Amino acid sequence: MNKLVPILIDNKQMIQLSQLTLDQANDLRSFLPVSSIKKMTYRGMELHDCIEFETYKYWLQSHEVEEETSTIWDI
């Protein structure tokens, strides 16, 4: 899985869920409380699906651990 590069909005590192694959975005949405998904303005554009990069990084690390611990018997 490729790691997204954050964008700086209001001095916060953010990513957009729409930059992820549909499956990844859905997994991440189910992991997060709804209040953590922010609407922000970046260069005059309104972005409706932003989360903090640190939250994304934490999810990514925990998601990678889950994938590593999966075995053929988990299928």
Side-chain angles (χ1 to χ4, degrees):
M1 180 180 325
N2 292 333
K3 185 175 176 182
L4 296 179
V5 176
I7 53 177
L8 193 61
I9 304 174
D10 297 333
N11 292 323
K12 297 177 188 169
Q13 290 187 324
M14 307 294 285
I15 63 132
Q16 275 188 277
L17 293 176
S18 58
Q19 293 177 300
L20 299 167
T21 66
L22 186 57
D23 287 339
Q24 290 170 340
N26 288 337
D27 286 348
L28 189 45
R29 280 182 199 274
S30 68
F31 172 79
L32 296 172
V34 174
S35 61
S36 64
I37 301 173
K38 310 282 185 207
K39 180 173 31 171
M40 306 192 84
T41 302
Y42 178 69
R43 295 185 179 178
M45 296 181 295
E46 195 169 275
L47 310 176
H48 296 273
D49 60 346
C50 295
I51 63 167
E52 292 186 20
F53 183 70
E54 288 300 315
T55 303
Y56 165 70
K57 233 170 52 170
Y58 176 82
W59 172 81
L60 188 63
Q61 289 170 347
S62 66
H63 192 69
E64 287 174 348
V65 168
E66 287 175 12
E67 286 180 355
E68 289 175 7
T69 58
S70 296
T71 67
I72 186 109
W73 305 112
D74 294 334
I75 298 175

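The figures that follow rest on heavy atoms only: side chains count, while hydrogens, waters and symmetry mates do not. Since we're looking at a predicted model, the values are computed, not measured.
When hydrophobic side chains of Ile, Leu, Val, Met, Phe, Trp and Tyr are connected at separations under 4.5 Å, V5 ends up as a singleton with no cluster partners. The hydrophobic cluster containing L8, built from Ile/Leu/Val/Met/Phe/Trp/Tyr side-chain heavy atoms closer than 4.5 Å, comprises no other residue.
Every residue two or more places apart in sequence or in another chain that forms a salt bridge (Lys or Arg N to Asp or Glu O under 4.0 Å) with K57 is listed here: E54. Not counting sequence neighbours, the partners of F31 by the side chain to side chain contact (heavy atoms under 4.5 Å, CB included) test are L28, Y58, W59. S30 meets the side chain to side chain donor-acceptor pair (under 3.5 Å) test with no other residue; sequence neighbours excluded.
Contact record, L4 with F53: O-CE1, 3.3 Å, taken as the closest heavy-atom pair.
Applying the side-chain hydrogen bond (donor to acceptor under 3.5 Å, both in side chains) test to pairs two or more places apart or on separate chains, those with a residue in residues 40-52 are Q16-D49, S18-D49, E46-H48.
Under a hydrophobic clustering in which Ile, Leu, Val, Met, Phe, Trp and Tyr are joined whenever their side-chain heavy atoms come within less than 4.5 Å, directly or via other members, I37 and Y56 fall into the same cluster. Linking ILVMFWY side-chain heavy atoms closer than 4.5 Å, directly or via other members, places L17 and M40 in two distinct hydrophobic clusters. Connection of L60 to I15 is established within a shared hydrophobic cluster, with ILVMFWY side chains joined at heavy-atom distances below 4.5 Å, either directly or through further cluster members. Under the 4.5 Å side-chain heavy-atom criterion for Ile, Leu, Val, Met, Phe, Trp and Tyr, L47 and I51 are members of distinct hydrophobic clusters.
Separating the SG atom in C50 from the CD atom in Q13 is a distance of 13.0 Å, to the nearest 0.5 Å.
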